[in-house]
Colleague: 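Sharing a structure below in structure tokens format, with a few things to ask.
Start at 1 with the first residue, then count along the sequence. Whatever order the structure lists them in is the order used to number ligands and atoms, beginning at 1.
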Amino acid sequence: MKKISGRKISQKIIEIIANKNKKLSIAALYAGNDPSMLSYIKSKKKRSINAGIELIIVNMPENVEAEDFYKKLRELNNDNGINGIIVEKPLPSQLDIRTVAGIIDHKKDIDCLSYSNNGRLISDEFIIAPSTAMAVINILKYENIEIKGKHIVIIGRSEIVGKPLLLLLTSKKLNNHATVTLCHSRTEKLEKYTKNADIIVAAIGKANFLKNTYIGENKPILIDVGINYDNGKICGDIDPECYERSSFYTPVPGGVGPVTVATLFENLIKLNEKYD
Ligand SMILES: NC(=O)c1ccc[n+]([C@@H]2O[C@H](COP(=O)([O-])OP(=O)(O)OC[C@H]3O[C@@H](n4cnc5c(N)ncnc54)[C@H](OP(=O)(O)O)[C@@H]3O)[C@@H](O)[C@H]2O)c1
């Protein structure tokens, strides 16, 4: 079994971005002060400096009026000094992610929230994809892991991970051609699918959910998207007891997370190259 270093892959992507010397800016807009959101913003800030990208924090109070938040988002859309916008989650209850997705300028939408950027994914004519889903592709690519012809089981069907990843893994444009099984909480006998997988991607949001009993004898590749806390300690969706039954695995922390941030910056470059 080989541990995949997401940090190393992230550094390589960030080096390529820094070498482009584009001098671009991202606005990270958020309301409130959720601790996991703040720690994610901190990690983006640190890596943005290495990538030569300016990350501008736009913080509004937790109880901001919805109209004021959306007005700020429109201002960022119209600000020529801002090349990319991230609306950080979780949003407080008075704000609606669908409204945000409808307002954000698709040319600056580096997190791929807008309907226009997501629609392009379905028709396989995408410019960018949600960064976490594309981070999984980046990991497989950087590790020279063949996707074509493989049976890949994704656990989790969210809009930001499972669903877009299904499209990316079957993308003709990317020459991926995997056969994908998309599982979720209503999937019956989950192990029937996972035990026959060449690659398992866990994006569930449940600490150490996947146990040894879900893993076949064929040494699958394990990609763990989950970021959970178990007794205050960060952990993934895949129990580390599974690692020895795998050929490759991504740890948590230090796996998909850092690659997601680098992929977000890659999205900024792609949108800028398309629309500038
Ligand atoms: N590494 C990163 O950069 C990164 C980025 C984003 C998210 N994450 C992490 O990834 C995890 C998933 O995030 P998300 O936003 O995709 O979560 P989400 O929207 O809550 O989706 C979770 C998915 O898991 C499925 N699920 C829940 N319990 C299950 C079970 N017992 N068996 C099978 N499937 C089950 C759900 O099924 P239903 O649809 O039936 O409810 C749902 O499709 C979280 O830990 C999150 O923190 C990490």
Colleague: Donor-acceptor check, side chain of S114 to backbone of A101, threshold 3.5 angstrom: yes or no?
Modeller: no
Colleague: Decide whether S171 and D124 meet the rule of one side-chain donor and one side-chain acceptor closer than 3.5 Å.
Modeller: yes
Colleague: Tell me which pairs pass salt bridge (charged side-chain N to carboxylate O under 4.0 Å, His left out) where either residue lies in residues 188-199, with sequence neighbours left out.
Modeller: none
Colleague: Heavy-atom count check: over 12 atoms from other residues, nucleotides or ligands less than 6.0 Å from K211 NZ?
Modeller: yes
Colleague: Ring pair (Phe, Tyr, Trp, His ring centres under 6.0 Å) between H106 and Y275: does it pass, once the steps are laid out?
Modeller: CA-CA 10 Å; H106 68 279; Y275 294 114; 5.4 Å; yes
Colleague: Which protein residues come within less than 4.0 angstrom of ligand 1, counting heavy atoms only?
Modeller: T132, I155, G156, R157, S158, I160, V161, H184, S185, A203, I204, G205, K206, F209, V225, G226, I227, N228, V256, G257, T260
Colleague: With rounding to the nearest 0.5 Å, note down the distance linking OG1 in T260 to CZ in R47.
Modeller: 10.0 Å
